[in-house]
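The chain is numbered in sequence order, starting from 1.
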Amino acid sequence: MVSKLPNVETSIFTTVGNLARKHNAIDLSQGFPNFEADSQLMNLVTEAMQSGHNQYAAMQGYYGLREIIAEKIANLHSHHYDPEKEITITVGATQAIYTAVTAFVHPGDEVIVIKPAYDCYEPAIALNGGVPVYYQLNPENYKVDWEAFKSKITNKTRMVIINTPHNPSGRIFTKEEMLQLQEILRPTNIILVSDEVYEHIIFDGAEHQSASRFDDLASRSFICASFGKTFHVTGWKLGYCAAPANLMHEFRQVHQFAVFCVDHPVQRALAKYLQNEEHYLSLNRFYQEKRDFFLNRLQGSRFKFTPSEGTYFQLVDYTAITEEGDEALSKRLIVDYKLASIAISSFNVNHRDDKVLRFCFAKKRETLEKATDILCGL
């Protein structure tokens with residue numbers, strides 16, 4: 001048997017997660033909170049189940065949820081999506097991304113991926129016969145040199161995937177950067193997949209620059225987002241995708257045969273929960289307090305860092321502590337110090353080792369206290 005993914009290894013998240021459990025380590029590796037979601041949201045799910053919403057939802061998603069997503073995007077980004085034809089509810093953002101790639105990438109098509117990158121992009125490209133083309137960010141600032149990026153485009157480029165706020169670096173694309181991307185793509189037919197799962201986790205008064213804010217980008221973009229990330233319920237696997245009707249038509253052709261529809265009672269609950277915009281607008285402040293607490297406690301350590309601009313991840317440079325590789329240090333931290341992190345080389349081209357680790361600060365205060373006590377002792 002010939003594998004369709006011969007070079008794909010077990011996910012770094014699975015590997016580190018298993019090792020962390022084996023050694024009973026504090027887990028700041030994977031991107032999920034260790035605190036509960038809002039009880040109001042959970043009660044709304046129970047209410048939806050008890051009200052009989054337990055059969056298939058519409059293939060596109062419950063209309064009431066699509067409608068309020070359209071209102072949210074219009075209010076935040078001044079772009080109007082038709083909830084009937086341009087928004088689909090998905091099994092998390094990962095399914096949205098996979099479906100967009102599957103709908104449009106043909107064998108031999110090139111897809112530009114900005115590295116370090118979340119690990120779901122490249123397998124989706126490979127399974128559809130596409131060719132990943134990498135643009136590698138540098139660890140000094142994780143900013144895109146747009147002329148160098150432009151040089152990656154060829155007549156085979158079918159798609160570009162971006163992620164803002166960016167996992168793992170914590171950077172956000174500025175308005176100026178999005179305008180530069182827009183001008184690069186304007187004369188092409190290239191499709192943009194914009195992974196915006198951390199859309200509501202932005203710090204220091206900055207604004208999320210969604211691709212939907214820019215007319216030409218919006219006309220070619222799939223906006224992929226995650227309610228699981230937003231509302232601390234990653235296990236629910238619920239997200240959404242927004243795109244122009246002509247693109248969404250093709251997206252739904254795949255979606256209906258991949259999953260058909262998504263958890264019905266959770267959709268009903270979210271439609272009600274989103275009516276209070278404070279439920280998502282308050283997240284910037286909520287997570288910035290956690291970021292600041294984590295970094296303030298690291299001030300006495302030998303780690304170097306630039307504060308994360310968004311997401312709930314923080315990168316730290318450990319070159320003042322040890323010369324060992326990031327995977328070796330990550331493993332030693334788990335085994336010897338009972339603390340789990342992610343080695344960033346896993347996300348870089350050719351596993352380039354920049355001596356950087358990623359920590360998730362979406363944790364209870366006492367968890368962050370214990371973790372930073374360990375880090376400050378190194």
**Request:** Would you mind telling me which of Glu67, His77, His200 makes a side-chain hydrogen bond (donor to acceptor under 3.5 Å, both in side chains) with Lys72?
**Result:** His200

**Prompt:** Which of these passes ring-ring contact (aromatic ring centres under 6.0 Å, His included) with Phe313: Phe361, Phe359, Tyr198?
**Reply:** Tyr198

**Asked** Only one of Phe231, Phe35, Phe203 clears ring-ring contact (aromatic ring centres under 6.0 Å, His included) with Phe286; which?
**Response** Phe35

**Request:** Taking atom types as modelled, find out whether His166 and Arg171 have a side-chain donor-acceptor pair closer than 3.5 angstrom.
**Result:** no

**Message:** Whether the side chain of Gln267 engages the backbone of Tyr62 through a donor-acceptor N/O pair (distance < 3.5 Å, no angle test) should be reported.
**Reply:** yes

**Salt-bridge present (Asp145, Lys143; N to O < 4.0 Å)** = no

**Prompt:** So, are Glu147 and Lys150 salt-bridged, with charged N and O less than 4.0 Å apart?
**Reply:** no

**Prompt:** Looking at Lys115 and Glu122, does any basic side-chain N land under 4.0 Å from a carboxylate oxygen?
**Reply:** yes

**Request:** Indicate whether the side chain of Asp119 and that of Ser346 have a donor and an acceptor atom separated by less than 3.5 Å.
**Result:** no

**No-hydrogen, no-angle side-chain donor-acceptor test under 3.5 Å, Gln95 and His255** = yes

**Message:** Any carboxylate oxygen within less than 4.0 angstrom of a Lys/Arg side-chain nitrogen, looking at Arg21 and Asp27?
**Reply:** no

**Message:** Tell me whether Thr99 contacts the main-chain N or O of Ala96 through its side chain, where contact means a donor paired with an acceptor under 3.5 Å.
**Reply:** no

**Prompt:** What distance separates Ser308 OG from Leu315 CG, expressed to the nearest 0.5 Å?
**Reply:** 7.5 Å

